[in-house]
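Structure first, then comments.
Convention: sequence-line order gives letters A, B, ...; per-chain numbering from 1. If you're wondering where the values come from, they're calculated on a predicted model, not measured in any experiment.
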Number of protein chains: 2
Amino acid sequence: MARKSSLFKQTLIATLFFILAIYAFFVTFFHTPFTASDPSSTDEELELSSRENLDFPGKEIDPSGFGGKVKVFMYDLPHKFTYGIIQQHGLARGGSAVADVTTLQYPGHQHMHEWFLFSDLARPESERVGSHITKVNDPEEADLFFVPVFSSLSLIVNAGRPPGSGSGYNDEGMQEALVEWLEGQEYWRRNNGWDHVIIAGDPNALYRVVDRVKNAVLLVSDFGRLRPDQGSLVKDVIIPYSHRISAYTGDFGVEERKTLLFFMGNRYRKEGGKIRDLLFQILETEEDVVIKHGTQSRENRRAASRGMHTSKFCLNPAGDTPSACRLFDAIVSLCVPVIVSDSIELPFEDAIDYRKFSVFVETAAALKPGYLVSLLRKVPTERIIEYQKAMKEVRRYYDYTDPNGAVNEIWRQVSQKLPLIKLMINRDRRLVKKDSSEPTCSCLCSNQTGIISSL
Amino acid sequence: MARKSSLFKQTLIATLFFILAIYAFFVTFFHTPFTASDPSSTDEELELSSRENLDFPGKEIDPSGFGGKVKVFMYDLPHKFTYGIIQQHGLARGGSAVADVTTLQYPGHQHMHEWFLFSDLARPESERVGSHITKVNDPEEADLFFVPVFSSLSLIVNAGRPPGSGSGYNDEGMQEALVEWLEGQEYWRRNNGWDHVIIAGDPNALYRVVDRVKNAVLLVSDFGRLRPDQGSLVKDVIIPYSHRISAYTGDFGVEERKTLLFFMGNRYRKEGGKIRDLLFQILETEEDVVIKHGTQSRENRRAASRGMHTSKFCLNPAGDTPSACRLFDAIVSLCVPVIVSDSIELPFEDAIDYRKFSVFVETAAALKPGYLVSLLRKVPTERIIEYQKAMKEVRRYYDYTDPNGAVNEIWRQVSQKLPLIKLMINRDRRLVKKDSSEPTCSCLCSNQTGIISSL
């Protein structure tokens, strides 16, 4: 009996242990993976954010600026605002019409960013791994609305064609049609365009209608053609030109860089760009300076590439507007940019300190004979190598083909605008009528005294 | 032997089960708490973020705006800028000096926010669970620097005392001393104050030195006393007054709210506040309106509380400046605010749509005899209940004692400024000297036409 009782006890205990063991097995082998592999769970978000930290250990700034990523809806624009413009560009150059315009390839030029941003959002969301925004297909879910018009390409459809020989395409007509189309959209009207993002990379893109789209976040190269109430650092995003010359793949150093200062481009430009001719006059007699007049062509691009790869410094004077694609060519060439453009705005300046790899010189100082070259000749090799290393570190920011490059960084900038956009939307709806005809503006002002040169 | 063998097997199995059971026990009862209680682990962050999602299912905006939380360093200010002011406030009211000023209690008033923000950052970081910023003790690690001066309390140390009877305390002297102290700080000088956060809740706080601290993110009630280059929605943060009357704890509805419109406060104010006397003249004859002159006192606060808890609408006219603490008293009282203050700015307006629970009326319209009351009498009960429900939802934003209340939301607003602050810091360093004496400003302008009334 004693033995039986003991056996019963043992069996009971064993059974209890068995149940506990089964429980332990499930807890151990199923609980954690179940949670982690559920894509809708917050574990997944945690995973993504850890991955981000691993990829870019130096960067603190969050892609989204929001708990979840900012949700962007891209309009399925009528083709006349996108692929149709590629068609027109081809027709104006003797090409023939194709039945399916979506098979056309976007032509290479310095404002290809509009193509890269469009392509990024046209991809299935599953391929957009690592993006700082989420594409949504339902406008109701969207925080922001992207208008992927090829506004810069439209501007040059008939560029360089003799008057009258064009295809009959009319950029201004396209602009007007675009705004009419937008104003017909429920989501545009809902918030007066505040939550829309429009690309106008070329400083002249959309010039005719900018007053009608100025509430939107504009993606621009600079503010050269925009009044302060049309474009600003607060509302808009400065995007880099698409660089056209090949990246320098050699080592840091100055061994292969015998030229002190290099420039190749149009000598004669309007407005702020008049400085170019003056700089030519001062610099063209200097022995270690190469300064050449040249317009855009494949051959000239090759020559510019060679020049930038074999020079220590690359001159970046203002063009018709403060910005120029040359800056980004210089950075990928590891040729230290010498920026002589007092009103330039620079992309991603919240994350990038341009003084780490560029020399800023005030225009008036740069025009003093001898000043610029003697300033640059004094820069020691070690300093130039530091600049080159800094350029290599930020190069991805200007590369539209890098999966973690310009496209991603532009979306990061765009998503950082969301709190102010939401504020403006809510505020506009309740603002009462005022007597003043002046717009109500909120500003961020810099009251610095300014430098003559950053060296 | 068979039995022995069987017994051996049973013992072996039981032992194995026992080991598994012990394991199960540990896995079940210790594993989870261990992870969750480790403050540095990402699991903790995950838990927090899930909790956030549960608490506020409608809110999408991330507290930080950055991958990691924004890191804030609070200056250990000399006591004359913090506790010393509490001492002075007490001395001016007949109190006696204490040896250890840190034992003093901050006196209750409508700008207590300076106390709540100070206390929040004075706590050990381990107690600051759920905050949208991380406090750091090493300034080298900081993104932003908080200057916890009791600037509003300083302003009222001698308020209401007959001239000459004061304690000899001088608010202007305190302001000057503060700026001198700040200008002696390495981290202030480093970025010209751009990355500093200064609290100046009372519209008159720090008025004498605002030009010297205007680069900082100012925490203010409105922009009534600031020029556009000193304060703006873009650079600064609008914070709510600390409400002084008790929250309404009853049900939604109008049963207990027989009064149509309630106001109690100072009838005579300067500038925009002149409207008050005009509104008194129009409204004091209306039967269902209670409009009373009264200054700040405990008794009057009790009467105001009663009035706000028993009225459908609460009038919020401009004071000397566009904002007034009354708005936040109305919200916690579930008394629908009627805002007659054309230049008012509202806290947290990126996250809160005030039209959901407030009525905005243009000043000129509100002054038309009969307009306001007939507008409000037409509002159906269901609409009032909707407003009340919306108020209850946002109430926590105005509660400085709620662990997820005003303090948290202010830090969230502050952290959203970081990208622009970093941009301005980098940009200022490389901006070249310009001929123009005008500051360089980036603005966000609203070009809306405005409403007469939001009803």
Side-chain angles (χ1 to χ4, degrees), chain A residues 10 13-14 17-18 20-21 23-24 27-28 42-43 46 49-50 52-53 60-62 64-68 228-229 232-235 342 349-350 353-355 360 362 416 419-420 422-424 426-434 439-452 454, chain B residues 10 13-14 17-18 20-21 23-24 27-28 42 46 49-50 60-62 64-68 192 228-229 232-235 342 349-355 360 362 416 419-420 422-424 426-434 439-452 454:
Chain A
Q10 274 179 11
I13 288 165
F17 281 166
F18 183 66
L20 269 171
Y23 179 54
V27 163
T28 310
T42 42
D43 272 318
L46 172 67
S49 90
S50 325
E52 236 137 45
N53 288 339
E60 251 169 27
I61 294 178
D62 173 27
S64 74
F66 290 80
D229 69 305
S232 83
L233 288 175
V234 172
K235 179 177 73 73
D342 299 356
E349 202 166 4
D350 61 327
D353 180 356
Y354 282 79
R355 288 180 320 152
F360 291 85
E362 188 217 356
Q416 286 172 355
L420 261 180
K422 291 194 167 190
L423 168 62
M424 292 310 280
N426 282 333
R427 187 169 169 271
D428 257 18
R429 284 181 183 152
R430 60 83 183 164
L431 274 183
V432 297
K433 206 177 160 96
K434 285 190 192 170
T440 327
C441 294
S442 296
C443 303
L444 191 61
C445 299
S446 163
N447 53 348
Q448 50 79 51
T449 50
I451 54 172
I452 300 298
S454 64
Chain B
Q10 275 180 10
I13 289 166
F17 281 165
F18 183 69
L20 269 172
Y23 179 55
V27 161
T28 311
T42 41
L46 172 65
S49 88
S50 325
E60 251 170 27
I61 294 178
D62 172 27
S64 76
F66 289 79
N192 294 315
D229 69 304
S232 83
L233 288 175
V234 172
K235 179 176 74 70
D342 298 357
E349 202 166 3
D350 60 326
I352 296 174
D353 180 355
Y354 283 79
R355 288 179 320 151
F360 291 86
E362 188 217 356
Q416 286 172 356
L420 261 181
K422 290 193 168 190
L423 168 62
M424 292 310 280
N426 282 332
R427 185 169 171 271
D428 256 19
R429 284 182 184 152
R430 59 85 183 162
L431 274 183
V432 296
K433 207 177 158 94
K434 285 189 192 170
T440 327
C441 294
S442 296
C443 303
L444 191 62
C445 300
S446 163
N447 53 347
Q448 50 79 51
T449 49
I451 54 172
I452 299 299
S454 63

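Of the candidates B:Leu423, B:Leu233, B:Asp229, B:Val234, A:Leu444 forms a side-chain contact (heavy atoms from CB on, under 4.5 Å) with just one, namely B:Val234.
Scanning all heavy atoms of the two residues, the minimum distance from A:Asp350 to B:Asn426 falls at O-ND2, 3.6 Å.
Not counting sequence neighbours, the partners of A:Asp353 by the salt bridge (Lys or Arg N to Asp or Glu O under 4.0 Å) test are A:Arg355, B:Arg429. With sequence neighbours excluded, no residue forms a ring-ring contact (aromatic ring centres under 6.0 Å, His included) with A:Phe360.
In this structure, the side chains of A:Lys433 and B:Ile451 stay at 4.5 Å or more apart for every pair of heavy atoms.
A salt bridge links A:Glu349 with B:Arg430; the closest basic N to acidic carboxylate O contact falls under 4.0 Å.
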For A:Cys443 and B:Cys441, run disulfide (SG to SG under 2.5 Å): C-alpha distance rounded to whole Å, both residues' side-chain angles, the deciding distance at 0.1 Å, then the answer. CA-CA 6 Å; A:Cys443 303; B:Cys441 294; 5.3 Å; no
